[in-house]
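See below for the structure under consideration.
Order of listing sets the numbers, starting from 1, for every ligand and every atom in it. Keep in mind it's a predicted model, so treat the numbers as computed, not measured.
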Amino acid sequence: MSETASALSDSEKAALKLPPKVSGEKPDSGHMEEFGVNFARFLMRCNAECGELAEYNMAGQQTVLMSGPAAQEAFLKTLDKKLSRAAAYQAMVPVFGEGVIFDAPPERMKTQLKIQVDALRYQNMKAYAAVIAQEVQDWIAGWGDEGEMDFLDEFIQLTLHTACHCLLGADFRYKMTDEFKSLYHDLERGLQAIAFVDPYMQQPIFEARDKARARLQTLISEIIAERRANPEREYGDALETFMSGTYADGSLLSDNEVTGLVIATMFAGHHTSSGTAAWTAVEFARNPQYTGAVLQELEELYARDGELTFENLRDLPQLEAFIEEVLRLHPPLVLLMRRVIEDIDYNGTLIEAGKTVAISTYGSHRNPTYFPDPERFDPQRPKASSADMMWAYIPFGGGPHKCAGNAFALMQLKSIFAALLPKYTFELVDAPETYEDDLSAMVLKPSSPCRLRYRRR
Ligand code: HEM
């Protein structure tokens, strides 16, 4: 992308093309309706019709979809001052809190993101791996020899428990009341599509969201105060990292900012992980031919080490390839967005300031140039064999804002299935074609009910 885009003169702009427009626009709503029916399919239509750049209209907000590895690389690598995430995700501000991440001045936002990344780094990961292994064991302890469950519901619960435990510590996790779950639920409901139009409208869901945010801060402030009064204790959780992080002038984060980072990390990691775990279970049930190779490497691991650890979980290539293929076909974050802050010259096409730009992981992962016969589930297909491929396979994004939790997410998914697969087989309960991608919310997940039958091996 041209580095001189900000300096485009009127005559330079006049010499550039505009992005081709997608057909089927309605007078006021533009493409909103078609987008709402199944936005992943709509975005694939945009790309098929217009190519690398395709402009559509979301009730007045012009959005340019950028497709293909080169355009996706440009999107992901361009810095915030030109393509702003903050401006595109203002609906998150009342959820994360004022002055937190998307509402913080750039330097403070950078520090907050760095502290968030620190909490997900190697030094905490060992403790997280032990926590997750324990939570999984507690979860399957009562399963018996066989049964039937909705695995999406189950994984939503399990990953809520692991997230609370790793973020806020054991005390909070085991005292976690229904109150916490309902507060979190109210925050989530505050992110319905209308929040992206105006998150401050007079609406009961937004009032409930604001009450929940305030109450959550009270709960987290209580833990912070307790910990500050007992500085000798160590916790090994994310809250400890958030509480000890400092800005350039040495000042600590406020309780509001710490609460915001807890919520932001929870939102980034919870449904992305539960949806992927549920899809992984479904794909194991649908593709039993790949289970043998995974089981063999797990048998070797248990024979060698006896138990799962952070270190040995890193060395499970068959299981990892299986999960990566799940993430190709069912990437939880389908649509990534930025707001254009400065006019951009993208290879002779003008993308004007004020428009939104977007990329679709779902469409990219179904590009037959890079993924032949794209709907076929094949864990062995290459995903990083060339530079182009690196920008075609992007479940965790890329560039400066690449997912900060990808190592955590993969470790958690491997930990879950390394515990489940040697003990149980999985079968579909309903007809195979009824297990579909549900795109009704911001994060892709399997459609409900997501019933599977398990039997002890
Ligand atoms: C399968 C699971 C996951 C997937 C597919 C996923 C995907 C992504 C993607 C695509 C982005 C980039 C968004 C953008 O560029 O606009 C992202 C960012 C992020 N993710 Fe994840 N994520 C997952 C799990 C997690 C987990 C478990 C955590 C934390 C525990 C996490 C924390 C974050 C954070 C903090 C960012 C923002 C990074 C930044 O702005 O610099 N993610 N994730």
Side-chain angles (χ1 to χ4, degrees), residues 66 72-80 83-89 91-92 96 100-102 104 106 109-121 124-125 127-129 131-132 155 158-160 162-168 237-239 241-242 260-280 320 322-339 356-362 364-365 391 393-417 442-445:
M66 303 178 75
Q72 285 158 195
E73 177 180 2
F75 173 102
L76 289 166
K77 280 188 170 169
T78 301
L79 300 179
D80 285 27
L83 289 188
S84 165
R85 276 190 331 146
Y89 294 124
M92 308 306 291
F96 295 175
V100 182
I101 304 189
F102 299 131
M109 173 168 113
K110 230 166 131 182
T111 308
Q112 291 171 4
L113 287 174
K114 191 190 153 297
I115 295 170
Q116 192 182 30
V117 169
D118 276 349
L120 298 164
R121 269 196 213 287
N124 285 3
M125 212 62 109
Y128 296 156
V131 162
I132 291 166
F155 282 125
L158 175 70
T159 53
L160 189 70
T162 57
C164 275
H165 204 151
C166 296
L167 280 169
L168 293 166
D237 54 25
L239 183 61
T241 310
F242 297 160
L261 286 193
V262 169
I263 296 172
T265 313
M266 194 93 188
F267 269 72
H270 180 220
H271 286 296
T272 45
S273 299
S274 59
T276 307
W279 262 125
T280 305
E320 195 159 316
F322 194 96
I323 294 167
E324 282 172 357
E325 182 67 350
V326 171
L327 285 168
R328 183 184 70 81
L329 279 171
H330 315 289
L333 296 188
V334 167
L335 182 65
L336 310 184
M337 289 187 298
R338 310 281 189 261
R339 185 65 56 81
T356 297
V357 280
I359 61 173
S360 162
T361 57
Y362 191 94
S364 182
H365 293 176
W391 298 102
Y393 179 70
I394 45 169
F396 292 107
H401 292 300
K402 181 169 181 178
C403 177
N406 69 337
F408 180 99
L410 287 174
M411 181 270 287
Q412 166 152 276
L413 290 161
K414 286 190 279 184
S415 181
I416 292 171
F417 288 94
M442 280 177 69
V443 181
L444 178 150
K445 57 183 188 289

Check ligand 1 against [X] and write out every atom of the ligand that is under 4.0 Å from a heavy-atom position of the residue.
X    : result
A404 : 19 (C), 20 (N), 33 (C), 34 (C), 35 (C), 36 (C)
R338 : 14 (C), 15 (O), 16 (O)
Q116 : 35 (C)
P332 : 5 (C)
T276 : 1 (C)
L333 : 7 (C), 8 (C), 9 (C), 10 (C)
S273 : 27 (C)

Nearest protein heavy-atom contact for [atom]: which residue, which atom, what distance?
atom                    : result
atom 40 (O) of ligand 1 : R85 NH2, 2.7 Å
atom 42 (N) of ligand 1 : C403 SG, 3.1 Å
atom 24 (C) of ligand 1 : T272 OG1, 3.4 Å
atom 32 (C) of ligand 1 : A268 CB, 3.4 Å
atom 13 (C) of ligand 1 : L336 CD2, 4.0 Å
atom 7 (C) of ligand 1  : P395 O, 3.4 Å

Taking all non-hydrogen atoms of both residues, which atom of [X] and which atom of [Y] are closest, and how far apart?
X    : Y    : result
I101 : A264 : CD1-CB, 3.8 Å
N124 : D118 : ND2-O, 4.5 Å
L261 : V100 : N-CG1, 4.2 Å

Decide yes or no for [X] and [Y]: does some side-chain heavy atom of the first lie under 4.5 Å from some side-chain heavy atom of the second?
X    : Y    : result
C166 : Q412 : no
T159 : S273 : yes
F155 : T276 : no
L335 : Y362 : no
F417 : F322 : no
I394 : E73  : no

Close approach, M337 and ligand 1, non-hydrogen under 4.0 angstrom: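 No; M337 lies far enough from ligand 1 that no heavy-atom distance drops under 4.0 Å.
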With heavy atoms only and a cut-off of under 4.0 Å, state how [X] meets ligand 1: side chain, backbone, both or neither.
X    : result
L120 : side chain
F396 : both
Y89  : side chain

Any N/O pair H401/ligand 1 closer than 3.5 Å: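 Right, the criterion is met.
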Exercise: do T356 and R339 side chains pair donor with acceptor under 3.5 Å: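 T356 vs R339: donor-acceptor pair found between side chains.
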Side-chain donor-acceptor contact under 3.5 Å, D80 with H401: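 Short answer, yes.
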Backbone of H365 reached by a side-chain donor or acceptor of R328 within 3.5 Å: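 Between the backbone of H365 and the side chain of R328 there is a qualifying donor-acceptor contact (under 3.5 Å).
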Residue selection (non-hydrogen contact nearest atom 26 (C) of ligand 1) among A119, A238, A88, G269: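 It is G269 whose heavy atom sits nearest to atom 26 (C) of ligand 1.
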